[in-house]
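Just so we're on the same page: letters track the sequence lines, and every chain starts at 1. Heavy atoms only: backbone and side chains are in, while hydrogens, waters and symmetry mates are out.
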Amino acid sequence: MPELAEVEFFRRRWQEAAAGERVLRVLAHARARPLRGLAPSTLRRALAGKRLRSSQAAAKQIVFRFGADAWLGVHLGMSGELRVEGPDYAPGRHDHLALFTGRHALIFADPRMFGRLQLHTGRAAPAWWKAIAPPLLSPRFTIAAVAAFLRRRARAPIKAVLLMQERFPGIGNWMADEALWRAAVHPQRPAGSLAPAEIRALWRECRWVARHALRVIAGRGGRLPADLNVGIPDSWLFHHRWEAGGRCPRTGVLLRRAEIGGRTTCWSPARQKP
DNA sequence: GTGCTTGTTGGCCA
DNA sequence: GTGGCCAACAAGCA
């Protein structure tokens, strides 16, 4: 599920509940796939006794900093989520990591187990964190960079190219469809076939979707929405992508769906021409 | 039972 | 070496 804004939503859940709290107990299962071989004893040594200091989200990744030198990396994969439970919570089948403070249990759950936890110890940020591409909303995400990337991936469908994290960090299936729909670009178009004006529009709409998704999903003014996605306006493609007989919010025509770039893709034939 | 699912990776091939 | 495609990973849901 989680793309850019959902990832930020989950980061804030842990951060706002437990910032400054000390980890007293660490619970993890050695066999849990999201640990990727990371030993529970290693996690325990690195985190127990330390306070949750700060955290950041970038692309689809989160890093939580504990104490002076521990970095806990979280990738939520397809079905991961972060929850906050009470201090007496008993972890269930899909809860792969539980960090107990005196007041809370911070839970990482992931039924499909495509998610990944990483641990790094040291003063400086880990290499995998520093390697994440510049955010969509940073000045380094330029039209020129997008244009160059599209030239390099000229023969791939633009939908597939938008999913490449090395240039579009945080964009996933629904954000890609949303940006293409707003930019009026058909998802099957070869990336190299886009005119400069279309590249500019797509660049602009990627940023628009990122900015507004962060606002409505992850909140603003210090308030975290109670639920994911409830704030997304009906005028977005988002709510209509999966519904049977779904219609384009702008033109009213029936939406179309097909597998493009290996992913189910939704578009409005009235706005997006092959 | 069937056929999906908001992600990533590695192997194969041109 | 680079780019593009696909299967695999796994569990839940309709």
Exercise. Given C:dG4, B:dT8, B:dT6, which nucleotide is nearest the side-chain atoms of A:Lys60?
Worked result: B:dT8
For this session: Kindly indicate whether the side chain of A:Arg155, heavy atoms from C-beta on, has any atom under 4.5 Å from the side chain of A:Pro190.
Result: no
Exercise. With a 4.0 Å cut-off on heavy atoms, is A:Ala160 in touch with a base, just the backbone sugar-phosphate, or nothing at all?
Worked result: nothing
Exercise. To the nearest angstrom, how far is A:Phe168 atom CZ from B:dT8 atom P?
Worked result: 14 Å
Problem set entry | Atom pair distance, as rounded to whole Å: CG in A:Leu237 and C1' in B:dT6 | 13 Å
Exercise. How many Å lie between CG on A:Asp110 and P on B:dT6, as a whole number?
Worked result: 15 Å
Seminar exercise, completed: Between CH2 of A:Trp242 and P of B:dG3 the distance, given in whole Å, is 17 Å
Problem set entry | Reading 5' to 3' through nucleotides 6-14 of chain C, protein heavy-atom contacts under 4.0 Å coded B for base, S for sugar-phosphate only, - for none | ---BBBS--
For this session: Specify whether A:Phe141 and A:Phe168 have parallel, tilted or perpendicular ring planes, treating 30° as the upper limit for parallel and 60° as the lower limit for perpendicular.
Result: perpendicular
Exercise. Just wondering, more than 12 heavy atoms not from A:Arg36 lying within 6.0 Å of its CZ?
Worked result: yes
Problem set entry | Side chain proximity check, A:Asp69 to A:Lys50, heavy atoms < 4.5 angstrom | yes
Problem set entry | Between B:dG7 (C1') and A:Leu162 (CG): distance, integer Å | 15 Å
Exercise. How would you label the contact of A:Pro157 with the nucleic acid (heavy atoms, under 4.0 Å): base, sugar-phosphate, or nothing?
Worked result: sugar-phosphate
For this session: Please check if atom CZ in A:Arg256 has more than 12 non-hydrogen atoms from other residues, nucleotides or ligands closer than 6.0 Å.
Result: no
Problem set entry | Six-ring centre of A:Trp208, A:Arg182 cation under 6.0 angstrom, axis tolerance 45° | yes
Exercise. Will you find, in the side chains of A:Asp110 and A:Ser79, an N or O donor that is under 3.5 Å from an N or O acceptor?
Worked result: yes
Exercise. Rounded to whole angstroms, how far apart are CG on A:Asn173 and C1' on B:dC4?
Worked result: 13 Å
Exercise. Touch check for A:Arg263, heavy atoms < 4.0 angstrom, all strands: base, sugar-phosphate only, or nothing?
Worked result: base
Exercise. Pick one: which of A:Trp14, A:Phe108, A:Phe10, A:Trp71 meets ring-ring contact (aromatic ring centres under 6.0 Å, His included) with A:Phe64?
Worked result: A:Trp14
Problem set entry | Secondary structure of DNA chain B in dot-bracket form (Watson-Crick or G-U wobble, distances below 3.5 Å, | marking inter-strand pairs) | .||||.||||||||
Problem set entry | A:Arg207 versus A:Leu137, closest heavy-atom pair with distance | O-CD2, 3.5 Å
Problem set entry | Distance between C1' atoms of C:dG4 and B:dT6 (Å, rounded) | 23 Å
For this session: Starting at atom CD of A:Glu243, determine the distance to atom P of B:dT6, rounded to an integer number of angstrom.
Result: 16 Å
Exercise. Whole Å only: how far is the CZ atom of A:Arg151 from the C1' atom of C:dG3?
Worked result: 16 Å
For this session: Just say parallel, tilted or perpendicular for the rings of A:Trp174 and A:Phe238, cut-offs at 30° and 60°.
Result: perpendicular
Problem set entry | Reading 5' to 3' through nucleotides 9-14 of chain B, protein heavy-atom contacts under 4.0 Å coded B for base, S for sugar-phosphate only, - for none | S-----
Problem set entry | Greater than 12 external heavy atoms within 6.0 Å of A:Arg103's CZ | no
Exercise. Do the side chains of A:Trp267 and A:Lys159 get nearer than 4.5 Å, heavy atoms only?
Worked result: no
